[in-house]
Amino acid sequence: MPGRNHKKFSTPLNQQPLADFKVGVDNVIFSVDTEKNRLLVLLVMRQQEPFLNYWSLPGTLVREGESLEDAAYRIMAEKIRVKNLYLEQLYTFGGPERDPREEIGSYGVRYLSVSYFALVRFEEAELIADGVTGIAWYPVKQVPKLAFDHNEILAYGHRRLRNKLEYSPVAFEVLPEMFTLNDLYQLYTTVLGENFADYSNFRARLLKLGFLSDTGIKVSRGAGRPASLYKFDAEAFAPFKDKPLVFI
């Protein structure tokens, strides 16, 4: 069956003019509110067409002489202040007609989005509202219809985050330097769901990996017994950095 865009061409694709691209960066910025067990994503309200007054992912067009990563960090710095974060390139979204601005002009400029995903500490993140009519943390489960193809980008980022938690130490990038095993468990259950593993199996698995070191410090929370504080031992993890592991 022909693709949805083939009908618009009266000549074969290999005879069409080369596409003229503008490159943008869109950031899927996640955080975990462990007190309310919510996975959050940062959204901003668009102030111009197309999609005026729609929520969207924080994004920007790449400037001349600017790298993709620099653009990703720039848009982060314009929207949020945070000391600790994890950032990596996610995927490139460049399908025809993903942006209504492509129809402007004789041929139209294609808008390609190189997406990044980030994970930041909720307690430390400070949102920047300067010049923005709307900026907010949205629970991932309650995200509305977003501008452009940003719901698709968000869904892709959510899948990547889940995979990263299962196969890498990304969680320790956004936990405090010292944490209880329950703190760690709450982060995992918020992202992966409460049924991903019971606490005792989770605890045994993480301790067996040998990357958590007991600080010898205990902390009291509520009426229960004091809990031990742990640190992620990056040196112990280093020999396994490029090997496939399962954290849960």
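- Using bins of under 30°, 30° to 60° and over 60° for the plane-to-plane angle, the ring pair Phe237/Phe211 lands in the perpendicular bin.
- The aromatic rings of Phe202 and Phe196 sit perpendicular to each other, their planes meeting at more than 60°, with 30° as the lower class boundary.
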Could you walk me through whether Tyr230 and Leu181 pass side chain to side chain contact (heavy atoms under 4.5 Å, CB included), step by step?
CA-CA 7 Å; Tyr230 288 82; Leu181 292 179; 3.7 Å; yes
Where do Leu57 and Asn27 land on the side chain to side chain contact (heavy atoms under 4.5 Å, CB included) test, with the steps shown first?
CA-CA 6 Å; Leu57 299 172; Asn27 286 350; over 6 Å; no
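- Residues Ala171 and Leu184 approach most closely at CB-CD1, 4.1 Å, considering heavy atoms.
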Apply side chain to side chain contact (heavy atoms under 4.5 Å, CB included) to the pair Val191 and Leu161, showing each step before the final yes or no.
CA-CA 8 Å; Val191 177; Leu161 175 61; 4.0 Å; yes
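- By the rule that hydrophobic residues join a cluster once side-chain heavy atoms approach within less than 4.5 Å of another member, Leu209 and Tyr199 end up as members of one cluster.
- The heavy-atom pair separating Lys79 from Pro58 by the smallest distance is CG-CB, 4.1 Å.
- When all heavy atoms are compared, the tightest approach of Ile135 to Leu127 is O-CD1, 4.3 Å.
- A distance of 9.0 Å separates CG of Leu52 from CE of Met45, quoted to the nearest 0.5 Å.
- Between Leu42 and Val120, the closest side-chain pair of non-hydrogen atoms is not below 4.5 Å.
- One distance of note links CZ of Arg38 with CD of Gln142; it measures 7.5 Å at 0.5 Å rounding.
- Residues passing the salt bridge (charged side-chain N to carboxylate O under 4.0 Å, His left out) test with Arg203, sequence neighbours excluded: none.
- Judged by distance alone, with hydrogens and angles left aside, the side-chain atoms of Arg74 form no donor-acceptor pair with the main-chain N or O of Glu78 at under 3.5 Å.
- Using a distance-only test at 3.5 Å, with no hydrogens or angles considered, a donor-acceptor pair links the side chain of Arg121 to the main chain of Leu175.
- Taking the six-membered ring for Trp and the full ring otherwise, the centers of Phe179 and Phe172 sit less than 6.0 Å from each other.
- Under a hydrophobic clustering in which Ile, Leu, Val, Met, Phe, Trp and Tyr are joined whenever their side-chain heavy atoms come within less than 4.5 Å, directly or via other members, Leu207 and Leu229 fall into different clusters.
- The distance from atom CD1 of Ile217 to atom OG of Ser228, rounded to the nearest 0.5 Å, is 10.0 Å.
- Nearest heavy atoms, Pro50 versus Arg46: O-NE, 2.7 Å.
- Residues that satisfy the side chain to side chain donor-acceptor pair (under 3.5 Å) test with Glu49, not counting sequence neighbours, are absent from this structure.
- With 3.5 Å as the limit, one finds no donor-acceptor pair spanning the side chains of Lys231 and Thr215.
- Between Phe30 and Phe117, the ring-plane angle classifies as perpendicular under the 30° and 60° cut-offs.
- Minimum heavy-atom separation, Val28 to Leu90: CG2-CD2, 4.2 Å.
- Aromatic ring pairs are classed by plane angle as parallel below 30°, tilted from 30° to 60° and perpendicular above 60°; the pair Tyr91 and Phe93 is perpendicular.
- The backbone N or O of Leu165 sits less than 3.5 Å from a side-chain atom of Tyr188, completing a donor-acceptor pair.
- In this structure, Asp233 contributes its side chain and Ala236 its backbone to a donor-acceptor pair below 3.5 Å.
- Results of the side-chain hydrogen bond (donor to acceptor under 3.5 Å, both in side chains) test with Tyr116 over Glu69, Gln89, Glu88 single out Gln89 as the only residue that passes.
- The neighbour count for Phe232 CZ, taken as heavy atoms of other residues, nucleotides or ligands under 6.0 Å away, is above 12.
- A donor-acceptor contact closer than 3.5 angstrom links the side chains of Ser113 and Asp26.
- No more than 12 heavy atoms of other residues, nucleotides or ligands sit less than 6.0 Å from atom CG of Asn195.
- A distance-only check finds no donor-acceptor pair linking the side chain of Thr180 to the backbone of Ala227 [under 3.5 Å].
- In this structure, Leu40 and Val140 have side chains that are not in contact, with every pair of non-hydrogen atoms separated by 4.5 Å or more.
- Scanning both residues, Ala118 and Leu87, for their nearest heavy atoms gives CB-CD1, 3.8 Å.
- For the atom pair CG (Asn163) and CG (Leu192), the distance works out to 9.5 Å, reported to the nearest 0.5 Å.
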From CA spacing to verdict: side chain to side chain contact (heavy atoms under 4.5 Å, CB included), Leu146, Val143
CA-CA 8 Å; Leu146 302 178; Val143 167; 3.8 Å; yes
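- Atoms CG and OH, on Leu154 and Tyr156 in that order, are 13.5 Å from each other to the nearest 0.5 Å.
- Separation of atoms CG (Asp149) and OH (Tyr111) is listed at 14.0 Å; rounding is to 0.5 Å.
- There is no path of hydrophobic side-chain contacts, each under 4.5 Å, that joins Trp137 to Ile75.
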